[in-house]
There are 2 protein chains.
Amino acid sequence: MNNSEYLPHIAYDSVIFGFSGEKLKILLIEYHNTGWLALPGGFVKKNEPLDEAVIRGLRERTGLDQVYLEQFYTFGSLERVRPEIMQKILEAQDANLPENHWLLDRFISVGYYALIDYEKVEPMPDALSDSINWYDVDSIPDLLFDHNFIVQKALEHLRTHLDQKLLSVNLLPERFTMKELQQVYEAILGENLNRANFQRKMLSLGILQRHEKLFSGGSHKAPYLYSFKK
Amino acid sequence: MNNSEYLPHIAYDSVIFGFSGEKLKILLIEYHNTGWLALPGGFVKKNEPLDEAVIRGLRERTGLDQVYLEQFYTFGSLERVRPEIMQKILEAQDANLPENHWLLDRFISVGYYALIDYEKVEPMPDALSDSINWYDVDSIPDLLFDHNFIVQKALEHLRTHLDQKLLSVNLLPERFTMKELQQVYEAILGENLNRANFQRKMLSLGILQRHEKLFSGGSHKAPYLYSFKK
DNA sequence: TACTATTGTTTCAAACAGATACAATAAATA
DNA sequence: TATTTATTGTATCTGTTTGAAACAATAGTA
């Protein structure tokens, strides 16, 4: 990580959503030797499109390439500037990182969220962080800087755009049952939905392709599998 | 305008909407001696919140202080980097500006839109521009850089958030008729609305305060004046 | 007093949404 | 094989919202 390689004062933070089958989760990193949690983020190379930088960071952390990405807000307040915290993070690093005082500068950060298939991912920590793990969105711990606020903004955006954009596509495998689809909606919205009405609404949208039934072995009627029409 | 005073590589562009009583309009500036049109924009001081910078720019250009401002997207592609155009703009300037090659750098720009009362404003050009004028949103000429795209994105955002946020407040005088309110909606949405249904919907929201009638002299029933409840 | 243009309200039907009930069915069990 | 259970798919009933049109009120003009 070299000062001259990146645009100064500009960063991005990614809220990476995944669906465990039951709960909506996000990825958080933990900085070396501090126990401090934060959103995975990164910087933009001088000759790199902003979107590209975020995709690159996502690929490095998740190995995924084709993910749904949405920019939702840019954070530029002065309260988010906390050089003393960044200083401590750098101090807690091993010595193998160059002394980057440019990290102590003020940064304006562009917020993105990604929706990925939880199952397909083996999250990987980066040079600055010990670990990267999934956390339930309904019990996010205290995060560094303004990252709790950023998560909240991402969730709001996701919720209000849930219907318009068929975002659930990206959180489920290719084929899924109506129940699984409903669980995605419930996890994102944070509320329970009426099963019959949900099914009626989804079918009336005309976006679902019905496939064969899924026999799970349970002693009850087998659900159909669906996919999103291409 | 001094290099060291501002954050490098970071700019903002403002789409300033006004309502003429009939049409939705935006403010565009024309650069000295070029005839080139662009959105009014600016830069962020090193110790200034991003929002504050935009408010400052708006105050300088419109004299208005309390305006509705909304951040809608951040533009960070490489296509928007056009140093040769910026070079020509600077060349067309009078010599009283210092040679700012920092303006030729790549900029990531945060898009904001403002909603202001068209009547209350006497737009003022800045140091770089000859003039600043209103243009109908449904016939925006070719603009510099990616500014046509930025306007389009602003309009989309405005349209999709029109209902949720009572944005029309900011485009009308304190008191207005139901017809004027409907005209704001129609100008923003770009479509005609049914009068009776519009009135029913607005009244049912419970956000309007009804005042005295407005006698305009026309030979017909006089409309009530309304204001938004505080 | 009739006429005109515009505004406020009502009405009717169609579409939609919430809640519940009913029907179908895959497997376990008696 | 018949019965039971859990779950899924669909239908029904109700109340609400929405679109289109009609009706009623009224400020000025002829």
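These values consider heavy atoms only, across backbone and side chains, with no hydrogens, waters or symmetry-generated copies. Naming convention: chains lettered A, B, ... in sequence-line order (proteins, then strands); numbering from 1 in each chain.
- Between A/Glu60 and A/Arg56 there is a salt bridge, since a side-chain N of the basic residue sits under 4.0 Å from a carboxylate O of the acidic one.
- Scanning atom types as modelled, no donor and acceptor separated by under 3.5 angstrom connect the side chain of A/Arg210 and the base of D/dG9.
- Put simply, CG on A/Leu203 is 13 Å from C1' on D/dA11, counting in whole angstrom units.
- Side-chain atoms of A/Arg200 and base atoms of C/dG18 include a donor and an acceptor less than 3.5 Å apart.
- Across the helix from C/dT1-D/dA30 to C/dA30-D/dT1, the helix axis at one end is tilted relative to the axis at the other end by 30° (nearest 10 degrees, each axis from five pairs).
- Between B/Ser131 atom OG and B/Leu27 atom CG the span is 10.5 Å, to the nearest 0.5 Å.
- When all heavy atoms of B/Gly35 and B/Glu30 are compared, the closest pair comes out as CA-OE2, 3.3 Å.
- Toward the 5′ end of DNA chain D lies the nearest nucleotide of B/Ala196, the other residue of the pair B/Ala196 and B/Gly218 mapping further downstream.
- One atom, CD of B/Gln199, and another, C1' of C/dT9, lie 8 Å apart when rounded to the nearest Å.
- For A/Pro223, the side-chain atoms get nearest to D/dG9 when compared with the rest of D/dG9, C/dA26, D/dA20.
- Between B/Phe198 atom CZ and C/dT9 atom C1' there is a gap of 16 Å when expressed in whole angstrom units.
- Note on A/Lys201: nothing from the nucleic acid sits closer than 4.0 angstrom, heavy atoms only.
- Side-chain N or O atoms of B/Arg106 include one that pairs as donor or acceptor with a backbone N or O of A/Glu48 at under 3.5 Å.
- Each of A/Gly217 and A/Arg195 was matched to the nucleotide of DNA chain C holding its nearest heavy atom; the match closer to the 5' end belongs to A/Arg195.
- Rounded to whole angstrom, the span from the CG atom of B/Asp163 across to the P atom of D/dT17 amounts to 15 Å.
- The side chain of B/Ser219 approaches D/dG28 more closely than any other nucleotide in the set D/dG19, D/dG9, D/dG28.
- Rounded to whole Å, atom P of D/dT8 lies 12 Å from atom CG of A/Leu225.
- With D/dG28, C/dA26, C/dT6 as the choices, the nucleotide that has an atom nearest any side-chain atom of B/Phe215 turns out to be D/dG28.
- Listed nucleotides C/dA26, D/dA25, D/dA21 differ in distance to A/Lys213; the shortest reach to its side chain belongs to C/dA26.
- Residue B/Lys120 qualifies as open at atom NZ: its count of foreign heavy atoms under 6.0 Å is 12 or below.
- Distance alone, capped at 3.5 Å, places no donor-acceptor pair between the B/Glu174 side chain and the B/Ser227 backbone.
- Ion pairing between a basic and an acidic side chain is recognised when a charged N comes within 4.0 Å of a carboxylate O; B/Lys153 and B/Glu70 show no such pairing.
- Looking only at distances, a side-chain donor or acceptor of A/Arg80 sits under 3.5 Å from a matching main-chain atom of A/Phe107.
- At a cut-off of 3.5 angstrom, counting only N and O atoms as typed in the model, there is no donor on one side facing an acceptor on the other between the side-chain of A/Asn194 and the base of C/dA17.
- In this entry the distance linking CD of B/Glu212 with P of C/dG8 reads 13 Å, nearest Å.
- Taking atom NZ of B/Lys221 as the reference point, atom P of C/dT7 lies 10 Å away to the nearest angstrom.
- Separating the CG atom of A/Asn197 from the P atom of D/dT8 is a distance of 16 Å, rounded to the nearest angstrom.
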